[in-house]
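Contents: one structure, followed by commentary.
One-based numbering, in listed order, for ligands and for the atoms of each. Just the heavy atoms: all of them, side chains too, but no hydrogens, waters or symmetry mates, feed the values below.
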Amino acid sequence: QSQELSQVRIDYHAALQALQEHGTRMVCTGKMHTDRVCRFDYLCYSTEAEEFIFFHSNASVMLPNLGPRRFQPALLDFSSVEDHNTQYFNFLELPAAALKFMPKPVFVPDVALILNRFNPDNLMHVFHDDLLPIFYTMSQYSDLDEEARLVFMEGWSEGPNFELYRLLSSKQPLLKEQLRNFGKLLCFTKSYVGLSKMTTWYQYGFVQPQGPKANILVSGNEIRQFAAFLAEKLNVTAPERPPEDEYIVVFSRSLNRLILNEAELILALAQEFQMRVLTVSLEEQSLADIIRAISRASMLVSMHGAQLVTSLFLPRGAAVVELFPYAVNPEHYAPYRTLTSLPGMDLQYVAWRNTVEENSVAFPERAWEQGGIAHLDNEEQERILKSKEVPRHLCCRNPEWLFRIYQDTTVDIASLLDALRQGLSSRPGPKRARPSSTIHPGRVREPKCQTSVQATNEAKLTVSWQIPWNLKYLKVREVKYEVWIQEQGENTYMPYILPHQNYTFSENIKPFTTYLVWVRCIFNKTLLGPFADVLTCRT
Ligand code: UDP
């Protein structure tokens, strides 16, 4: 390991001198600890104290300089999970002069991205909290390139999905426990700390019950570009399969949350859709093989669970079918539904829920983290056993939730097929049609109004405008215009959708009145443009 670090040669004495003279320099983006990523020169880490260290000198820079607010609660989130109190980053401060009394620093020459993985044992967390945010944080900073060094400080060992993290850079990622092998005081020549949260779509329920994030900023396009990057690194991109070779993937869990009649389910799916069905599981296939299978599938069927994050490798037009155990409401647990419904993901989604208690096998005697409830008092056990639906709850140790979600299920085939017939809008399968456009209209140009008074109680208001500038370069299926008319001083307005570039309003238009008029263009019913500057029109 120590050999590896010294592969990129740096001039040790120059580096030491720079650290002593300039100290640490930090410049961050972001207004709050929850949206901050910081770039450092000479950020150091004491493996003895297990603390990052900022060395002050006359030339050191600390932006933002928060004073004691740096501890309220932290400089930044160390993982992509928002404001989690086990995931805060901060550093200790020392004068650069203290270096004289400290162990000789060992310099890390690579540009490093330093972060906490949130839960590297769980595939959903691996993709959503770590891989996607790392990928897009790296693309935000040009020196975080192929050669960047990822440094994972959460303190876990590699975990079962480490091969995925290794795909993000050509250098082996470093774990916290390995840092002490290099020395007592490590100094990162150039580093970034923290992760962009731009690509996350789900909040796990630490402060309010879990659900889609309030302000999702990622679209299917970015998710698919990331998926294509990983697929290429995993060597799973293969020639297009012939269109008649359609198949369904059943992603099974072999340890818990089982489908008890998997064979029957497979037969039923094959018959209903006239496609072959293959099963995969993390216990039996490599992730690369699973991703290869999924990236050409027409449908992915699985019990609710982290393995469903692999939906992001499905081709456009495919369907995700998520099965929920008895007493679990699909509406309340939607990380995969939210993923499939990101704009431009172009995936269909159907949830099915077991409503027949007899088709469910529960495990009250298991350990609590696998859904056991034997440790609860009898009254509470009774209540849970009688309940027909887990009430909304916070993460992560709600025993009723764990009890229900770790049940095994015999899938009622008739009710599942019903759900599929109702829920699928078209035959699922890789779409040949081009993905729908996401190009928004520009502002309408030269908006104008003309008014006339017909009688003491009758007036007309004509509004006209020119097409948005970008429209002449586009093929748009449907172009419409929206006009809002507000009487000055009133707090309501009348909205109109219009097909042409002018219109004369006479209903509800009063003489000797001032109207405020907004106009915007809409492509294909949903792509809204900006409003042009408001028109003030006096009748
Ligand atoms: N897992 C699996 N097979 C099983 C049970 C779990 O592959 O029989 C995987 C699962 O996909 C996830 C990890 O093990 O990546 C942890 O599963 P857990 O049940 O804790 O989490 P969940 O799937 O409910 O998010």
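No close placement of the Phe403 and Phe363 rings is indicated, their centers lying 6.0 Å or farther apart. Taking the six-membered ring for Trp and the full ring otherwise, Phe89 and Phe52 have centroids separated by under 6.0 Å. Taking the six-membered ring for Trp and the full ring otherwise, Phe118 and His84 have centroids separated by under 6.0 Å. Here Phe226 and Tyr136 keep their ring centres 6.0 angstrom or further from each other. For an aromatic pair to be called close, the ring centres must be under 6.0 Å apart, and Tyr333 with His393 satisfies this.
Comparing heavy-atom distances from atom 25 (O) of ligand 1 across Leu402, Asn122, Asn161, Asn119 singles out Asn122 as nearest. Here the shortest heavy-atom distance to atom 5 (C) of ligand 1, taken over Gln307, Glu283, Arg257, Arg253, belongs to Arg253.
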How far apart are the C-alpha atoms of His128 and Tyr204, what are their side-chain angles, what is the distance that settles it, and do they pass the ring pair (Phe, Tyr, Trp, His ring centres under 6.0 Å) test?
-> CA-CA 11 Å; His128 177 270; Tyr204 298 118; 5.7 Å; yes
Assess whether side-chain contact (heavy atoms from CB on, under 4.5 Å) is satisfied between Tyr247 and Val249, documenting all intermediate values.
-> CA-CA 7 Å; Tyr247 61 89; Val249 172; 3.7 Å; yes
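If you look at Met124 next to ligand 1, there are no close heavy atoms at all, none under 4.0 Å. Under 4.0 angstrom from ligand 1, there are no non-hydrogen atoms of Ser281. Contacts between Asp121 and ligand 1 below 4.0 angstrom, taking non-hydrogen atoms only, involve the backbone exclusively. Neither the backbone nor the side chain of His304 has a heavy atom within less than 4.0 Å of ligand 1.
Among all protein heavy atoms, the one lying closest to atom 12 (C) of ligand 1 is Ala306 CB, 3.5 Å. Remark: minimum distance from atom 15 (O) of ligand 1 to any protein heavy atom is reached at Leu123 N, 3.0 Å.
On a distance-only criterion, Leu282 and ligand 1 share no N/O pair closer than 3.5 Å.
Within the listing of ligand 1, atoms 8 (O) sit less than 4.0 angstrom from a heavy atom of Ser254. Below 4.0 Å from some heavy atom of Gly305 lie the following atoms of ligand 1, by number and element: 23 (O). When each atom of ligand 1 is checked for a heavy atom of Leu255 under 4.0 Å away, the hits are 4 (C), 8 (O). Close approach of ligand 1 to Tyr406 (heavy-atom distance below 4.0 Å) involves ligand atoms 18 (P), 19 (O), 20 (O).
Ion pairing of Glu50 with Lys176 is present here, as a side-chain N (NZ or NE/NH1/NH2) and a carboxylate O approach within less than 4.0 Å. Ionic pairing of Arg383 and Glu400 is present here: one or more N-O contacts between side-chain nitrogen and carboxylate oxygen are shorter than 4.0 angstrom.
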